[in-house]
Amino acid sequence: MADAGEGFFKRVYEIVALIPAGKVATYGGIARMIGSPGSARIVGWAMRSAPKGLKLPCHRVVRTTGELCPSYVFGDSEIQRSILDAEGITFREDGTIDMERHLWQV
DNA sequence: CAGCTGACAATAA
DNA sequence: GTTATTGCCAGCT
């Protein structure tokens, strides 16, 4: 990777963009793939500052608890559930994602 | 140049 | 078991 772009952000975009449909990744997990296990917050921040042209599947990025962030939604809180459901993600009774079943790991 | 903020995570009480 | 606090790294003002 000769081009570093924005540096850390670019790295996050690459990881998130590589998340296959039907799978989800955690902020801390992505941060760890980049090489900064303590920058879980930066990953989330990268999503927030992520240009829409990249079409990053932010909905596939969830917390370690399997809970999605309340404010990252594209349009409405119900949208993310619909998207993930369309991707093949299964939700539990409490509205959290089945991490054991959809946690993306290389 | 220095300090603050931020879509999280882990540990302690 | 739940709730609160601290720690982390990188960008932005």
Side-chain angles (χ1 to χ4, degrees):
Chain A
M1 312 323 183
D3 179 80
E6 278 78 54
F8 203 94
F9 278 36
K10 188 66 176 295
R11 201 68 51 94
V12 178
Y13 304 148
E14 293 286 305
I15 303 294
V16 178
L18 289 173
I19 303 176
K23 295 272 180 164
V24 294
T26 61
Y27 288 101
I30 295 171
R32 185 170 284 187
M33 296 179 208
I34 298 168
S36 300
S39 47
R41 330 176 73 167
I42 321 298
V43 179
W45 189 17
M47 303 277 94
R48 190 193 198 216
S49 194
K52 298 161 186 175
L54 298 177
K55 304 176 184 172
L56 293 179
C58 311
H59 51 262
R60 289 186 199 153
V61 187
V62 298
R63 312 186 92 167
T64 57
T65 55
E67 180 76 66
L68 288 153
C69 298
S71 26
Y72 81 10
V73 206
F74 294 88
D76 293 291
S77 311
E78 303 175 24
I79 302 297
Q80 49 115 328
R81 226 250 62 155
S82 304
I83 297 173
L84 294 170
D85 180 73
E87 295 288 304
I89 309 291
T90 50
F91 282 79
R92 301 189 77 163
E93 305 82 37
D94 58 329
T96 52
I97 299 177
D98 197 338
M99 300 299 290
E100 301 297 302
R101 210 178 284 249
H102 301 292
L103 180 58
W104 180 52
Q105 11 181 6
V106 249

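Please read these numbers as outputs of a predicted model, since none were measured by experiment. Below, all heavy atoms of this structure are taken into account, side chains as well, without hydrogens, waters or symmetry copies. We name chains A, B, ... by the order of the sequence lines, and we start the count at 1 in each one.
- The shortest side-chain heavy-atom distance between A:T26 and A:M99 falls under the 4.5 Å cut-off.
- Between atom CD of residue A:E14 and atom CG of residue A:L54 there is a gap of 9.0 Å, rounded to the nearest 0.5 Å.
- Candidate nucleotides B:dA10, C:dC12, B:dA7 were compared by shortest atom distance to the side chain of A:T64, and B:dA10 ranks first.
- Here B:dA9 presents its C1' atom at 18 Å from CH2 of A:W45, a figure rounded to the nearest Å.
- Relative to the side chain of A:A40, the nucleotides C:dC12, C:dC9, B:dC8 differ in distance, and B:dC8 lies closest.
- Between A:E87 and the options A:H59, A:K23, A:R60, a side chain to side chain donor-acceptor pair (under 3.5 Å) holds for only A:R60.
- Nearest nucleotide to the A:R63 side chain, out of C:dC12, B:dC8, C:dC9: B:dC8.
- Each of A:T65 and A:I42 was matched to the nucleotide of DNA chain B holding its nearest heavy atom; the match closer to the 5' end belongs to A:I42.
- Side-chain contact check for A:S39 versus A:W45: every heavy-atom pair is 4.5 Å or farther apart.
- Between the CE atom of A:M47 and the P atom of B:dT5 there is a distance of 23 Å, given to the nearest Å.
- Separating the OH atom of A:Y13 from the C1' atom of C:dG11 is a distance of 10 Å, rounded to the nearest angstrom.
- Between A:E67 atom CD and B:dA7 atom P the separation is 16 Å, expressed in whole Å.
- Here the side chains of A:I15 and A:I34 are in contact, with some heavy-atom distance below 4.5 Å.
- Per the geometry, CG belonging to A:D94 stands 11 Å off P belonging to C:dT2, to the nearest Å.
- Of the residues near DNA chain C, A:S49 and A:G38, the one whose nearest nucleotide (by heavy atom distance) lies more toward the 5' end is A:G38.
- Among B:dA9, B:dA7, C:dC12, the nucleotide with an atom closest to any side-chain atom of A:C58 is B:dA7.
- Checked against C:dG11, B:dG6, B:dC8, the side chain of A:R48 finds its nearest nucleotide in B:dG6.
- Judged by distance alone, with hydrogens and angles left aside, A:Y27 brings a side-chain donor or acceptor within reach of the base of B:dA7, the pair sitting under 3.5 Å.
- Rounded to whole Å, atom C1' of B:dA7 lies 17 Å from atom CZ of A:R60.
- As a whole-Å value, the separation of A:R32 CZ from B:dA10 C1' is 12 Å.
- In this structure, CZ of A:F8 is placed 16 Å from C1' of C:dC12, rounded to the nearest angstrom.
- Ranking B:dA7, B:dA10, C:dG7 by closeness to the A:R41 side chain, first place goes to C:dG7.
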